[in-house]
Structures are given as C-alpha cells and as structure tokens.
Amino acid sequence: MSERGAALRGQLKQLMHEVAKYGAVGGAGVLVNLGVFNLVRATTEIPVVRASIIANVVAIAFNYLGFRYFTYRDRDRSRRTREMSLFLFFSAIGTVIENGVLYAATYGFNWDSPLQSNFFKFFGIGVATLFRFWSYRTWVFRAVPDPALVVTNTAAASSAPAASSGSPSAAPPVAQEPVRRAAEPLLEPVRPPTTDHQFAPRH
C-alpha cells in the first residue's frame with residue numbers, strides 16, 4: 001500500500017511540475033495572443049474574428065518553441081515531422097474553439113466593444129487551453145519510455161518461453177489410473193466323471 005501511495009505521489013508531483021511549466025509558456029502565449037490581437041485591431045480595419053485568427057497564428061508559433069524546448073524538452077524528438085503535424089492539427093482545433101466563442105459573442109449577441117471583445121477572447125483562450133493541454137501531452141509530445149522499464153519488460157518476455165519449454169521432468173506428474181486386468185480363473189473347468197463301462201466294447 002505504501003509503494004502505491006509513493007508512486008501516486010510521484011506521478012502527482014510530476015504532473016504538477018508539468019502543469020507549472022505548461023502554464024509558464026501558455027501564460028506568455030496568452031500575452032502574445034492578446035497583444036497581437038489588440039495591435040491588429042488598433043492599427044487596421046480587419047474584423048474582430050480575423051484579427052483574432054492572425055493573433056492565434058503568431059501565438060501558435062511562439063507556443064511551439066516554448067513547449068518543445070522548455071515544457072517538453074525531455075520528450076521524444078525522433079519523429080519531428082509527425083510531432084509538428086499533430087501540433088498544427090490540434091492547434092487548429094483550439095483556434096476554432098477559441099474563435100468560436102468570440103464569433104458567437106460578436107455576431108450572435110453584438111458584444112463587440114473593445115472590452116467585451118477582449119473578455120470573450122480571453123475566455124475562449126481559457127477553454128481552448130484545456131483542450132490543447134490534453135492533446136499536446138497525450139498525442140504531440142510523447143513521453144520517452146523509461147529505459148529501466150524497457151529492460152525489465154524485455155527480460156520478462158524472453159524468460160517466458162524458456163520457462164514454458166523446460167524439461168519434461170519439471171512438469172507436474174500426471175495421475176494415471178491403474179491398469180486392471182481381467183481376473184484369470186483360479187479353478188479348472190469341472191469335467192464330468194468317466195466310468196469304465198462307457199468305454200467297454202460292445203458285443
């Protein structure tokens with residue numbers, strides 16, 4: 001029970017450490033996202049949602065560098081093309097979630113003042129962040145298998161066939177039923193007695 005508790009505490013500590021590092025990069029990404037969003041709105045006539053998408057693209061590039069080289073720098077790097085493809089895919093889904101909230105507030109409820117736009121922009125970022133955290137740690141930045149665990153599993157797999165193909169003497173004895181033979185007759189068959197007159201010659 002104590003070993004399971006220690007393992008659980010270790011996993012929880014590792015998760016909290018990961019959340020803290022993810023939050024540091026994500027927090028900086030939120031500042032980049034909101035900064036570019038407000039800059040585009042202040043200097044151009046681009047509509048709100050399009051300005052938000054431009055800010056998302058800049059923030060996605062910033063976040064990838066932070067996640068790859070800070071938050072998940074100890075994760076698997078052997079499949080970089082696959083990693084970037086999945087990162088862009090899940091980031092695009094997060095962008096749809098984030099800007100879907102902003103679009104509904106702007107065009108559904110006519111909440112399009114600068115304060116309202118920033119509020120729903122921030123709210124959309126929060127909702128999308130939950131999805132991104134789950135998808136990034138589960139599918140994009142995969143954990144490298146523990147070498148000690150791999151060696152243990154390999155040794156266990158290799159010893160299993162050897163144990164199953166052991167000598168026949170090691171196998172448990174199989175109970176055999178005693179062979180029953182038919183009881184031989186103890187007495188000779190009784191023959192009728194013979195008399196002399198049976199063999200006397202006839203005249």
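Starting from 1, each residue takes its place in the sequence as its number. The model shown is predicted, which means the values in this text are computed figures rather than measured ones.
Here the closest heavy-atom approach between residue V25 and residue F62 is recorded as O-CE2, 4.1 Å. The two residues A59 and G29 make their nearest non-hydrogen contact at CB-O, 3.9 Å. Minimum heavy-atom separation, A51 to V40: CB-CG1, 3.7 Å. Nearest approach of A55 to K121, heavy atoms of both residues: CB-NZ, 4.4 Å.
Note on F131 and I53: separate hydrophobic clusters, where clusters join Ile, Leu, Val, Met, Phe, Trp and Tyr whose side-chain heavy atoms are under 4.5 Å apart, directly or indirectly. Residue I97 is grouped with residue V140 when hydrophobic side chains (ILVMFWY) are merged at heavy-atom distances under 4.5 angstrom, including chains of intermediate members. With hydrophobic clusters built from ILVMFWY side chains whose heavy atoms lie under 4.5 angstrom apart, W139 does not share a cluster with L130.
Side chains of F90 and L86 form a contact here, defined as non-hydrogen atoms less than 4.5 Å apart. A 4.5 Å side-chain heavy-atom check between L12 and L8 finds every atom pair outside the cut-off. Under the 4.5 Å side-chain criterion, counting only non-hydrogen atoms from C-beta, F122 is in contact with V30. Side-chain contact between V19 and F133 is present, with heavy atoms from C-beta onward closer than 4.5 Å. Here the side chains of T71 and Y136 are not in contact, with every heavy-atom distance at 4.5 Å or above. In this structure, the side chains of R9 and K13 stay at 4.5 Å or more apart for every pair of heavy atoms. Counting heavy atoms from C-beta outward, R41 and V48 have side chains that approach closer than 4.5 Å. Under the 4.5 Å side-chain criterion, counting only non-hydrogen atoms from C-beta, V36 is not in contact with N56.
Separating the CD1 atom in I125 from the CG atom in L34 is a distance of 4.5 Å, to the nearest 0.5 Å. Separating the OG atom in S91 from the CG atom in N63 is a distance of 7.5 Å, to the nearest 0.5 Å. To the nearest 0.5 Å, atom CG of residue N33 and atom CD1 of residue I60 are 8.5 Å apart. Between the CD1 atom of I46 and the OG atom of S52 there is a distance of 11.5 Å, given to the nearest 0.5 Å. To the nearest 0.5 Å, the span separating CZ on F37 from CD1 on I54 amounts to 10.5 Å. In this structure, the separation between OH on Y64 and CZ on F67 is 12.0 Å, given to the nearest 0.5 Å.
Ring geometry for F141 against Y72 counts as parallel: the plane angle stays under 30°, on a 0 to 90° scale with 60° as the upper cut.
In summary, R132 and E98 engage in a salt bridge, as defined by a charged side-chain N under 4.0 Å from a carboxylate O. Taking the charged nitrogens against the carboxylate oxygens, R75 and E18 do have a contact shorter than 4.0 Å, which makes a salt bridge.
Within 6.0 Å of atom CH2 in W134, more than 12 heavy atoms from other residues, nucleotides or ligands are found, so the atom counts as buried in its surroundings. Residue R50 places its CZ atom among 12 or fewer non-hydrogen atoms of other residues, nucleotides or ligands, all under 6.0 Å distant.
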Enumerate, atom names and distances included, each donor-acceptor pair closer than 3.5 Å involving a side-chain atom of residues 103-114, sequence neighbours excluded.
| from | atom 1 | to | atom 2 | distance (Å) |
| --- | --- | --- | --- | --- |
| T106 | OG1 | L102 | O | 2.8 |
| S113 | OG | Q116 | N | 3.2 |
| S113 | OG | Q116 | OE1 | 3.2 |

- Item | Derivation of the salt bridge (charged side-chain N to carboxylate O under 4.0 Å, His left out) call for E83 and R80 | CA-CA 5 Å; E83 175 186 288; R80 185 60 60 87; 3.7 Å; yes

